[in-house]
> 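Let me begin by handing over the structure; questions about it come next.
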Amino acid sequence: MPSDSTSSASTLLRQTSLFKDVTEAALQELGTMSSVVAVPADTVLSVQGETPNALYVVLDGQVALETTPATGQSAVVQIKMPGGFFVLSAVLSAMPALVTARAVGTARLLKIDAARLRQLLATEASVANSLLQATAHDFGAMVQQVCDLKLRTTAQRLGCYLLSLTETTGNDRAAFKLPFDKRLLAARLGCRQENLSRAFAALRQMGVETHGARVILHDIPKLRDYSEPDELLTFSRS
């Protein structure tokens, strides 16, 4: 019989997009190598250049993935929201991580032992298939980000990001709160904070209204025409 902690971990694993299609037997095995961890703000979960000992799935909170080149100036590559996972490629390959993962605020995560996960891949095709799809998801998100940086202005990148936060209900208007502060948003979009402010100003004529962290989109079709989001790429912008 699985322990209560294993059952709890298995239930949470089933609720994630990462493992929703694995077999029940594999899910129970994953539960034995998983634990729920709660961490305070600024906790470093994985370090650039070090081989991670665990795969993480965000349950609550946000985790920023940062890279620091030789110049010493850090850049935010992605911000993982609930349901997001990170350091998957490094875990699967047992190689050093390319980013440092840091909790933005308090966060709750599923921590899955890396060595045991690699062993499980050899015997559980459903887990291998799920993680293969997740790796493709990560690659697609990276391609999307490169395309954004090369092909779109800062205002267009901001417009695409705001559109990604709207519900796909066919409405022409939407209102929501930014999921993190504008400092992190600027880093996520690959620009300085002053450039982000100018981008928000440029989007006013596209019907974008802001009140601190609250954003109102008055004309989604107009914003979409201006920003030109790539509808073929459906990967999360989190």
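Residue numbers start at 1 and run along the sequence shown.
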> So L45 and V87, side chain to side chain contact (heavy atoms under 4.5 Å, CB included) or not? Walk me through it.
CA-CA 10 Å; L45 299 158; V87 297; over 6 Å; no
> Roughly how far, to the nearest 0.5 Å, is SG of C160 from CD of E228?
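One finds 8.5 Å between CD of E228 and SG of C160.
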> Sub-3.5 Å donor-acceptor pair from the side chain of S164 to the main-chain atoms of Y161, do we have one?
yes
> Do L189 and L185 have side chains that get closer than 4.5 Å, going by heavy atoms?
yes
> One pair to check against side chain to side chain contact (heavy atoms under 4.5 Å, CB included): V146 and K150. What are the steps and the verdict?
CA-CA 6 Å; V146 171; K150 286 181 173 288; 3.9 Å; yes
> If you look at every heavy atom in S89 and S93, which pair is closest and at what distance?
O-OG, 2.8 Å
> Using residues 173-181 as the side-chain source, report each donor-acceptor pair under 3.5 Å to any protein atom, sequence neighbours left out, with the distance given to one decimal.
from: R173; atom 1: NH2; to: H218; atom 2: ND1; distance (Å): 3.2
from: D181; atom 1: OD1; to: R183; atom 2: N; distance (Å): 3.1
from: D181; atom 1: OD1; to: L184; atom 2: N; distance (Å): 2.9

> Should L88 and V37 be counted in the same cluster of Ile, Leu, Val, Met, Phe, Trp and Tyr side chains packed under 4.5 Å apart?
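As far as the 4.5 Å side-chain criterion goes, V37 and L88 are connected within one cluster.
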> Minimum heavy-atom separation for T166 and I220, please, with both atom names.
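Smallest heavy-atom distance, with atoms named: CG2-CD1, 4.3 Å.
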> Could you give me the CA-CA distance, side-chain angles and deciding distance for V127 and L117, then say whether side chain to side chain contact (heavy atoms under 4.5 Å, CB included) is met?
CA-CA 9 Å; V127 176; L117 179 60; 4.2 Å; yes
> Are I216 and L165 linked, directly or through other ILVMFWY residues, by side chains that come within less than 4.5 angstrom of each other?
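I216 does not cluster with L165.
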> Tell me which pairs pass side-chain hydrogen bond (donor to acceptor under 3.5 Å, both in side chains) where either residue lies in residues 111-123, with sequence neighbours left out.
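Residue pairs with at least one partner in residues 111-123: T32-R116.
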> Identify the heavy atoms of A114 and A54 that sit nearest to each other, and give their distance.
CB-N, 3.7 Å
> If I compare all heavy atoms of G83 with all of V57, which pair ends up nearest, and what's the gap?
O-CG1, 4.3 Å
> Please tabulate, for the side chains in residues 197-205, all donor-acceptor contacts under 3.5 angstrom to protein atoms that are two or more places apart in sequence or on a different chain.
from: S197; atom 1: OG; to: Q193; atom 2: O; distance (Å): 3.3
from: R198; atom 1: NH2; to: N195; atom 2: OD1; distance (Å): 2.4
from: Q205; atom 1: NE2; to: A202; atom 2: O; distance (Å): 3.4

> Which value, rounded to the nearest 0.5 Å, describes the distance between L110 atom CG and S35 atom OG?
8.0 Å
> Within the side chain of S34, is there an N or O that forms a donor-acceptor pair under 3.5 Å with the backbone of L30?
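Checked: pair present.
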> Would you give the length of the straight line joining atom CG of L223 to atom CE of M206, rounded to the nearest 0.5 angstrom?
8.0 Å
> Could you walk me through whether D219 and V208 pass the side chain to side chain contact (heavy atoms under 4.5 Å, CB included) test, one step at a time?
CA-CA 8 Å; D219 193 336; V208 176; over 6 Å; no
> At their closest point, which heavy atom of R14 faces which heavy atom of F19, and how far apart are they?
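Looks like NH1-O, 3.6 Å.
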> In Å and rounded to the nearest 0.5 Å, what is the OG1 to CD distance from T154 to E194?
10.5 Å
> If you round to the nearest 0.5 Å, how far is CG of L13 from CD1 of I112?
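Separation between the atoms: 5.0 Å.
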> Does the side chain of M33 reach to within under 4.5 Å of the side chain of E29, using non-hydrogen atoms?
yes
> Quick one: CZ on R108 to CG on L12, what's the gap to the nearest 0.5 Å?
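These two atoms lie 6.0 Å from each other.
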> Can a donor-acceptor pair be found, under 3.5 Å and without considering hydrogens, that links the side chain of T100 to the backbone of Q48?
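A pair under 3.5 Å: yes.
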> Using a 4.5 Å cut-off on heavy atoms from C-beta on, say whether the side chain of L59 contacts that of L109.
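Heavy-atom side-chain distance check fails, nothing below 4.5 Å.
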> Is it the case that the side chain of Q156 and the backbone of T153 share a donor-acceptor pair, with hydrogens and angles ignored and the cut-off at 3.5 Å?
yes
> Are the side chains of S126 and N129 in touch, meaning some heavy atoms are under 4.5 Å apart?
no
> Report yes if some heavy atom in the side chain of D138 is under 4.5 Å from a heavy atom in the side chain of F85; otherwise report no.
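D138 vs F85: side chains touch.
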> Looking at R224 and L163, what are the two nearest heavy atoms and their distance?
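Shortest heavy-atom contact: CA-CD1, 3.7 Å.
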> Under 4.5 Å between side-chain heavy atoms, hopping through other hydrophobics if needed: is there a path connecting V36 to V58?
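Yes; tracing contacts between hydrophobic side chains, which count when under 4.5 Å, links both residues.
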> Does R157 offer a backbone N or O that forms a donor-acceptor pair with the side chain of R152 under 3.5 Å?
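A pair under 3.5 Å: no.
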> Kindly work out whether a path of hydrophobic side-chain contacts (I/L/V/M/F/W/Y, heavy atoms less than 4.5 Å apart) joins Y56 to L121.
yes
> Is R214 salt-bridged to E209, cutoff N-O under 4.0 Å?
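The answer is no: the pair does not qualify as a salt bridge.
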> Would you indicate whether L98, at its atom CG, is surrounded by more than 12 heavy atoms from other residues, nucleotides or ligands within a distance under 6.0 Å?
no
> Using the rule that Ile, Leu, Val, Met, Phe, Trp and Tyr join whenever any side-chain heavy atoms are under 4.5 Å apart, tell me whether V76 and V47 fall into a single cluster.
no
> Hey, is the main chain of A41 close enough, under 3.5 Å, to the side chain of T106 for a donor-acceptor pair?
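No, T106 side chain to A41 backbone: no donor-acceptor pair under 3.5 Å.
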> Under a 4.5 Å cut-off applied to non-hydrogen side-chain atoms, are T23 and E124 in contact?
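They are in side-chain contact.
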> Would you find a donor on one side and an acceptor on the other, under 3.5 Å apart, between the side chain of Q78 and the backbone of A64?
no
